[in-house]
There are 2 protein chains.
Amino acid sequence: MAIADTGGLDAVTMQAVAERLGVTPMALYRHVGTKADLLDGLVELLLTEFPLPPPGLAWQDRLGSLARAVRATAHRHPAVFPLLLKRPATTPGARQVRDEINRGLEGSGVGAGRVAQVERLVSTAILGFVASEVSGRFANHSARQLDDDFALLERMLLGFIEAATQGGRDPTPRP
Amino acid sequence: MAIADTGGLDAVTMQAVAERLGVTPMALYRHVGTKADLLDGLVELLLTEFPLPPPGLAWQDRLGSLARAVRATAHRHPAVFPLLLKRPATTPGARQVRDEINRGLEGSGVGAGRVAQVERLVSTAILGFVASEVSGRFANHSARQLDDDFALLERMLLGFIEAATQGGRDPTPRP
DNA sequence: ACCTGAACACCGTTCAAGT
DNA sequence: ACCTGAACACCGTTCAAGT
């Protein structure tokens with residue numbers, strides 16, 4: 001992970017990892033099946049780094065703080081984060097995050113039958129924005145502009161979630 | 001592009017391209033500065049393949065048909081599409097698409113001062129979903145499920161755009 | 001102007017051999 | 001059980017040399 005953070009994903013070679021460990025590249029194959037496995041491990045490490053929001057918050061704040069935590073983690077590991085687009089969220093770390101989002105959505109009043117689809121769209125919107133950001137698509141934009149964009153994205157998603165509510169609760173007015 | 005479509009991005013090597021052209025790898029450096037330049041060319045080729053929607057449609061249909069055209073192009077070139085996350089949309093091909101979206105947004109009544117930001121969020125949401133799709137994140141989902149998700153994404157974005165046409169400094173989406 | 005041969009410094013991965 | 005030497009089939013890229 002340290003190699004990826006400082007040198008990018010291309011710097012994560014079997015030789016670089018081996019050198020970091022004071023060992024020859026061939027020795028790694030005793031501990032990891034292939035280089036793809038090593039990258040999978042990196043992604044899982046990233047996922048377990050997302051801090052889950054404290055309980056007791058309103059669902060809006062739970063989801064909002066999780067979204068911002070994901071973004072902060074991505075900024076810390078810009079090379080590894082975009083790999084999330086490539087793998088189904090089936091690992092323990094991925095499920096942990098998805099379950100947290102689902103709890104927030106249930107708290108919002110989204111019908112149980114629609115939670116999975118809403119979760120997919122909300123996750124994908126956050127993932128797409130943050131992956132764009134750390135991958136370089138917004139290289140010409142200021143940090144201030146990106147913060148504004150992200151705040152608007154959060155509002156868009158809260159509005160979407162409220163609209164997906166089955167009328168069991170009154171939509172909460174947003175500031 | 002043909003090599004990328006059939007073998008993935010990893011198959012796009014200088015040697016593979018050279019062989020396709022009946023030439024040695026070194027000959028390519030007469031026509032392209034570096035391999036990164038070659039990939040840039042691939043992305044630009046992809047961008048110019050997006051069919052722009054016919055004029056005369058309502059703004060909702062213009063934006064919708066553009067979104068679906070982008071998705072169809074991504075399905076045709078799944079290896080190259082995700083590279084869009086890595087580059088600022090500053091090339092002629094990218095500008096062409098962005099201008100088209102901006103025209104749609106202006107038609108919707110979004111204030112001129114907010115078109116750029118709304119465009120960024122709408123583009124990013126589509127890009128994020130489609131890149132996830134072609135990169136493998138939804139590998140466990142059926143084509144039918146993904147079509148449904150995409151249709152819901154379109155509705156979410158139309159709702160967001162409509163909310164952004166109402167007054168106020170902050171476009172707050174409403175159901 | 002365009003292409004090639006030879007060469008360099010890397011890659012991931014294997015296999016038999018060492019401790 | 002864990003590591004290494006040697007080797008293989010690749011990479012991108014350069015440079016001088018060829019036509």
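Convention: sequence-line order gives letters A, B, ...; per-chain numbering from 1.
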Enquirer: Near DNA chain D, counting only heavy atoms under 4.0 Å, which residues of residues 15-33 of chain A show up?
Expert: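 Residues of residues 15-33 of chain A that come under 4.0 Å of DNA chain D are, in numerical order, Val23(A), Thr24(A), Met26(A), Ala27(A), Arg30(A), His31(A).
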Enquirer: Sequence neighbours left out, what passes side-chain hydrogen bond (donor to acceptor under 3.5 Å, both in side chains) with Glu19(A)? Give chain and number order.
Expert: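 By the side-chain hydrogen bond (donor to acceptor under 3.5 Å, both in side chains) rule, Glu19(A) matches no residue at all.
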Enquirer: Mark yes when over 12 heavy atoms from residues, nucleotides or ligands other than Lys86(B) sit less than 6.0 Å from its NZ; otherwise mark no.
Expert: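 No.
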Enquirer: Dump the intermediate steps for side-chain contact (heavy atoms from CB on, under 4.5 Å) on Leu46(A) and Leu42(A), then the final yes or no.
Expert: CA-CA 6 Å; Leu46(A) 181 111; Leu42(A) 233 40; over 6 Å; no
Enquirer: Could you give me the stems involving DNA chain D, meaning stretches of three or more consecutive Watson-Crick or G-U wobble pairs whose two defining distances are both below 3.5 Å?
Expert: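 Looking at DNA chain D, the stems formed by three or more consecutive pairs are C:4-8 with D:12-16, C:12-16 with D:4-8.
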Enquirer: Output all residues satisfying side-chain hydrogen bond (donor to acceptor under 3.5 Å, both in side chains) with Gln15(B), sequence neighbours left out; order by chain, then residue number.
Expert: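 For Gln15(B), no residue satisfies side-chain hydrogen bond (donor to acceptor under 3.5 Å, both in side chains) once neighbours in sequence are set aside.
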Enquirer: If you round to the nearest 0.5 Å, how far is CG of Leu45(B) from NE2 of His77(B)?
Expert: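 The NE2 atom of His77(B) sits 7.0 Å away from the CG atom of Leu45(B).
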Enquirer: Should Asp99(A) and Arg103(A) count as an ion pair when the cut-off is N to O under 4.0 Å?
Expert: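 Salt bridge between Asp99(A) and Arg103(A), a charged N being under 4.0 Å from a carboxylate O: no.
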Enquirer: For a 4.0 angstrom threshold against heavy atoms of chain A, report the outermost contacting nucleotides of DNA chain C in 5' to 3' order.
Expert: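 Footprint of chain A along DNA chain C, 5' to 3': dC11(C) to dT14(C).
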Enquirer: Could you pull out the closest heavy-atom pair between Pro53(B) and Ser65(B), with the gap in Å?
Expert: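 Result for this residue pair: CB-OG, 3.1 Å.
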Enquirer: Going only through I, L, V, M, F, W and Y residues with side-chain contacts under 4.5 Å, is there a path from Met156(A) to Phe150(A)?
Expert: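 Result: yes, single cluster for both.
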Enquirer: Taking only residues two or more places apart in sequence, or in another chain, which ones meet Arg76(B) in a side-chain hydrogen bond (donor to acceptor under 3.5 Å, both in side chains)?
Expert: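 Arg76(B) satisfies side-chain hydrogen bond (donor to acceptor under 3.5 Å, both in side chains) with Glu49(B) once adjacent residues are dropped.
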Enquirer: To the nearest 0.5 angstrom, please state how far the CZ atom of Arg71(B) sits from the CG atom of Leu66(B).
Expert: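 Arg71(B) atom CZ to Leu66(B) atom CG measures 14.0 Å (nearest 0.5 Å).
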